[in-house]
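Below you'll find the structure, written out as structure tokens, and then a few comments.
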Amino acid sequence: MTACLSVHLPVEPVTFAGLPLASPFVMAPMTRAQSPGGVPTEAVAAYYARRAAHGLGLVITEGVLVGHPTAGHEDAVPRMTPGAAEDGWRRVVDAVHGAGGRIAAQLWHLGSLREPVDGVTAWTPSGVREPGRPATHAMTARDVDELLAAYVGAARVAARAGFDAVEVHAAHGYLLDEFLWPYTNRRTDAFGGSPARRAAFPAEVVRAVRAGFGPDRPVIVRFSQFKERAFEARIAETPAELGVVLDAFAQAGASALHASQRRFWEPAFPGAGLNLAGWAKRLTGLPAITVGSVGLTRDFLTGAGPGSVTGLVERLAAGEFDLVALGRILLGNPAWVTHAAAGRLDAIADYRKAHEDVYF
Ligand SMILES: Cc1cc2nc3c(=O)[nH]c(=O)nc-3n(C[C@H](O)[C@H](O)[C@H](O)COP(=O)(O)O)c2cc1C
């Protein structure tokens, strides 16, 4: 098919939070559960390197569990722990670097979404039992300290393995987001109440990760309004409330923000056009990553509306956000960025849910 892109895709070098990247396109974190015993394999290294080789400036790994029994339950979800997992990650990092890419590790604790297997009850801010979910344990002050130590440890492992950046997963209804969300955070101590207090524990985690990872490489924080099981939920009703939360992350040492939303073109608040990443950048001055349904439809690359590549590239050029993350479209199309930039539309497979079941 002839090139019929509606706009030039800027696959060109950029600097993000001090990190030189080959392009402003990012692989979004996606859990694939391909690491038996929590150890990333050669197949995992090849999977990330294959994508890094095709126009992505930064790869963000799937959620990687910090070293604490409450962080997660699934055997094949990777860990960020010393020993075999650390060695496995070093091989992944080397493979991505060998392909000319950069890679950030996403650090994850599932909170209430950890299943109560192995005799471990999930840890949450307030023990809120959500409909249809098992009982959880409300974290004590000692538990808080224990988890902060786990995050420091994970960040140290990521630093030793050679990651270019780390991302703190504070989105989608997992532990840190359960602190940010009033529905799941009913605490009356310093970690609950106002937006600033709800942000206090996640900010402590950012501080811990910064301490473990060192001062030189970026610490990114991923946040969202929506939860995986509550799309209309919100951590901040107004830009002012969001500013309080994000400022706490900035003060704690965050170098960039990754604003997760389901459709990048939707305004984050009524009455103003900025999307969530746009607000994050405006409120804090930190660089921001946007995400959400990039490339998922056939006419994305040829159309002209706000949800098309034209709308995306215009907003990127205007500086509303700095990087663009792609998720599902990369599952079946490791070379989506280079194909799209060259107008090789016939080389791109339409997105299908079944792509989640293949791993290459
Ligand atoms: C299979 C799959 C696994 C995901 N796992 C994670 C994850 O581990 N951490 C995370 O922050 N987001 C995760 N996400 C969300 C993606 O990072 C991304 O925000 C979402 O897919 C929207 O982007 P897209 O429309 O380009 O796919 C996952 C999404 C998918 C489809």
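Read the numbers this way: they start at 1 and go in the same order the structure lists the ligands and their atoms.
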### Message
Just to be sure I understand the cut-off, which residues have at least one non-hydrogen atom under 4.0 angstrom from an atom of ligand 1?
### Response
Ala28, Pro29, Met30, Thr31, Gly63, Gln106, His169, His172, Arg222, Val291, Gly292, Ser293, Leu296, Leu326, Gly327, Arg328, Glu356

### Message
Running the 4.5 Å side-chain criterion over Ile, Leu, Val, Met, Phe, Trp and Tyr, what cluster does Val77 land in, apart from itself?
### Response
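Same cluster as Val77: Leu65, Trp108, Leu110, Leu113, Tyr174.
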
### Task
Please state whether the rings of Phe201 and Phe179 are parallel, tilted or perpendicular, taking 30° and 60° as the class boundaries.
tilted

### Task
Test the Arg51-Phe360 pair against the cation-pi criterion, namely NZ or CZ under 6.0 angstrom from the six-membered ring centroid and within 45° of the ring axis.
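Yes, Arg51 sits over the ring of Phe360.
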
### Query
Does Arg229 come within less than 4.0 Å of Glu178, counting only side-chain N to carboxylate O?
yes

### Query
Got a salt bridge between Arg133 and Glu115, using NZ or NE/NH1/NH2 to carboxylate O under 4.0 Å?
yes

### Task
Rounded to the nearest 0.5 Å, what's the gap from OH on Tyr351 to CD1 on Ile329? Could you check?
8.5 Å

